[in-house]
2 protein chains.
Amino acid sequence: MSEKPLTIHIAAKEAGISIETIRYYQRIGLIEKPEKPLSGYRVYSEDLIARLLFIQRAKELGFSLTEISTLLALGDGNCAEIKELATHKLAIVNNKLHDLQAIANTLENLIQACEFNSSHQGCPIITAILKR
Amino acid sequence: MSEKPLTIHIAAKEAGISIETIRYYQRIGLIEKPEKPLSGYRVYSEDLIARLLFIQRAKELGFSLTEISTLLALGDGNCAEIKELATHKLAIVNNKLHDLQAIANTLENLIQACEFNSSHQGCPIITAILKR
DNA sequence: CTTGACTCTGTACTTAGGTACAGGGTTTAT
DNA sequence: ATAAACCCTGTACCTAAGTACAGAGTCAAG
């Protein structure tokens, strides 16, 4: 046979993750373990690799592994629930955006204050944090 | 004596954190333990409480406890270094903002696609994650 | 003088998402 | 037939920022 069997390290390469991460996903039940043949190594299907890629992309959208597990369980046939999950996630992301924006604004102001602080007496940032 | 001694649980209340968190900060060296008197409980100074409040506020600005430790060590007299830290933090926050904004946009589009999906055939979100 | 509230010390546990072995077994290339 | 490369199972460890006790001491009120 010259076709490489789809063993775990090939699967890992195709999915762009490490072998250990695949095993971790198996441990937490996010993906199935392929059947272990009587002799030899477990062989990974294209479907399983698609699932791994799905997981990566869903992670990029901010979903946790637990949420991804739900997404995968719901699958293609439960659009309303999926949409609900996405909407909830969007709300959380928007909240985080709001908080981070406030932080960025404050930091910018503090950094500005430092620039105007030609007197080398104390640091406006420290002062501000002390008594905000 | 009718003045309550500033014991740990009073300090915790004033700083708005839990007793266990104060002890945790002591464990990691972020704050000092007040001297233990020969008999009785440790007494917390106003300075220490100010330090705890500083920590809370710095956390709200996104600084980690490790970074806060540095801020406290640098203190008021090292404005340039403090400003440097704040600038670095701002850059990280801006990156995160950028990433989150992209996520929010994608999620919004996907949710929209679900709304337009009157056909109850499959879910646009799942499809999109599968082959993005 | 006892009871309840508080403190202290030390250690273990938590969450999320992995990473890192050790000690085996199997396969493939030379 | 042997060495390198790979796999498998199980377990321990990592980070960050805490939380949760257990077991012992101390203090204040009634």
Side-chain angles (χ1 to χ4, degrees), chain A residues 1-45 48 51-52 54-72 89 92 96, chain B residues 1-45 48 51-52 54-72 89 92 96:
Chain A
M1 299 214 184
S2 75
E3 303 235 330
K4 291 172 203 159
L6 213 35
T7 57
I8 196 170
H9 104 267
I10 310 284
K13 201 165 291 179
E14 299 220 348
I17 59 182
S18 81
I19 291 176
E20 291 304 315
T21 298
I22 291 183
R23 294 205 209 283
Y24 171 67
Y25 290 169
Q26 291 169 344
R27 272 208 304 286
I28 64 173
L30 189 54
I31 60 171
E32 298 281 322
K33 267 187 190 174
E35 288 306 309
K36 185 172 182 177
L38 286 170
S39 89
Y41 302 147
R42 294 174 196 277
V43 172
Y44 289 71
S45 67
L48 200 31
R51 199 172 165 102
L52 287 172
F54 181 98
I55 293 168
Q56 296 319 295
R57 292 182 191 123
K59 272 190 351 140
E60 283 164 18
L61 286 180
F63 290 103
S64 71
L65 296 185
T66 306
E67 289 163 337
I68 292 170
S69 183
T70 304
L71 289 178
L72 285 164
K89 178 58 63 181
I92 289 170
K96 230 175 249 174
Chain B
M1 298 214 187
S2 73
E3 302 236 330
K4 293 170 202 157
L6 214 34
T7 58
I8 195 170
H9 103 267
I10 309 285
K13 200 165 292 180
E14 300 222 346
I17 58 182
S18 79
I19 290 176
E20 290 305 315
T21 298
I22 290 183
R23 294 206 210 282
Y24 170 66
Y25 290 169
Q26 290 169 343
R27 273 207 303 289
I28 64 171
L30 188 55
I31 59 171
E32 298 281 323
K33 268 187 189 174
E35 287 307 309
K36 184 171 183 179
L38 287 170
S39 89
Y41 302 147
R42 294 173 195 279
V43 172
Y44 289 71
S45 67
L48 200 31
R51 199 171 165 104
L52 287 171
F54 182 97
I55 292 167
Q56 298 317 297
R57 292 183 191 125
K59 270 187 357 137
E60 284 164 18
L61 286 181
F63 290 103
S64 71
L65 295 185
T66 307
E67 288 164 338
I68 292 170
S69 182
T70 305
L71 288 177
L72 284 164
K89 177 59 63 181
I92 289 170
K96 229 175 248 173

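Order of the sequence lines sets the chain letters (A, B, ...), proteins ahead of strands, with each chain counted from 1. As a basis for the values below, the full set of heavy atoms in this structure was taken, side chains included, without hydrogen atoms, waters or symmetry mates.
Taking every heavy atom of both residues into account, B:Lys89 and B:Leu61 meet most closely at CG-O, 4.2 Å. Between A:Gly62 and A:Glu67, the shortest heavy-atom contact is O-OE1, 4.1 Å. Nearest heavy atom pair, residue A:Leu72 against residue A:Phe54, reads CD2-CD2, 3.7 Å.
For A:Lys33, counting side-chain heavy atoms from C-beta on, the closest listed nucleotide (D:dT9, C:dC6, C:dG18) is D:dT9. Comparing atom distances between the B:Glu20 side chain and each of C:dT7, D:dG18, D:dC21 picks out D:dC21 as nearest. Comparing D:dC8, C:dC8, C:dA20 against the side chain of A:Tyr44 picks out D:dC8 as the nearest. Ranking C:dC8, C:dG18, D:dG18 by closeness to the B:Ile8 side chain, first place goes to C:dC8. Across D:dC27, D:dC8, D:dG18, the shortest atom-to-atom separation from the side chain of A:Lys36 is found for D:dC8. Among the nucleotides D:dC8, C:dT27, C:dC6, the one closest to any side-chain atom of A:Ser39 is C:dT27.
Rounded to whole Å, atom C1' of D:dC7 lies 12 Å from atom CD1 of A:Ile10. Taking atom OH on B:Tyr24 and atom P on C:dA12, their separation rounds to 17 Å, with Å as the unit. Look at CG on A:Leu65: it is 9 Å from C1' on C:dG18, rounded to the nearest Å. One can place CD of B:Gln26 at 8 Å from P of C:dT9, the figure rounded to the nearest angstrom. Atom CD1 of A:Ile17 and atom C1' of C:dT19 are 13 Å apart (whole Å). B:Leu38 has its CG atom 15 Å from the C1' atom of D:dG25, to the nearest Å. Following rounding to the nearest Å, A:Gln56 (CD) and C:dG17 (P) show an atom-to-atom distance of 12 Å. Rounded to an integer number of Å, the gap from B:Ile31 CD1 to D:dA17 C1' is 14 Å.
No more than 12 heavy atoms of other residues, nucleotides or ligands sit less than 6.0 Å from atom CD of B:Glu32.
For D:dC7, the OP1/OP2 oxygens have a side-chain nitrogen or oxygen of A:His9 closer than 4.0 Å. Distances shown here put every side-chain N or O of B:Lys13 at or beyond 4.0 Å from the OP1 or OP2 atom of C:dC6. For C:dG18, one of the phosphate oxygens OP1 or OP2 lies less than 4.0 angstrom from a side-chain nitrogen or oxygen of A:Tyr25. Proximity of B:Ser18 to the phosphate of D:dG18: no side-chain N or O atom is located under 4.0 Å from OP1 or OP2. Put simply, A:Thr21 has no side-chain N or O that comes within less than 4.0 Å of OP1 or OP2 on C:dG17. Of the side-chain N and O atoms in B:Thr66, none sit less than 4.0 angstrom from OP1 or OP2 of D:dA16.
The shortest side-chain heavy-atom distance between B:Ile31 and B:Ile55 falls under the 4.5 Å cut-off.
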How far apart are the C-alpha atoms of A:Ile17 and A:Tyr24, what are their side-chain angles, what is the distance that settles it, and do they pass the side-chain contact (heavy atoms from CB on, under 4.5 Å) test?
CA-CA 11 Å; A:Ile17 59 182; A:Tyr24 171 67; over 6 Å; no

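Residue B:Ile19 is classed as a sugar-phosphate contact, given heavy-atom separations below 4.0 Å to backbone atoms only. Residue-level contact check: A:Arg42 touches the backbone only, with heavy atoms under 4.0 Å from sugar-phosphate atoms and none from bases.
The base of D:dC6 is paired with the side chain of A:Tyr41 by a donor and an acceptor separated by under 3.5 Å.
Residues B:Arg23 and B:Ser64 both approach DNA chain D. Their nearest nucleotides, taken by heavy-atom distance, put B:Ser64 toward the 5′ side.
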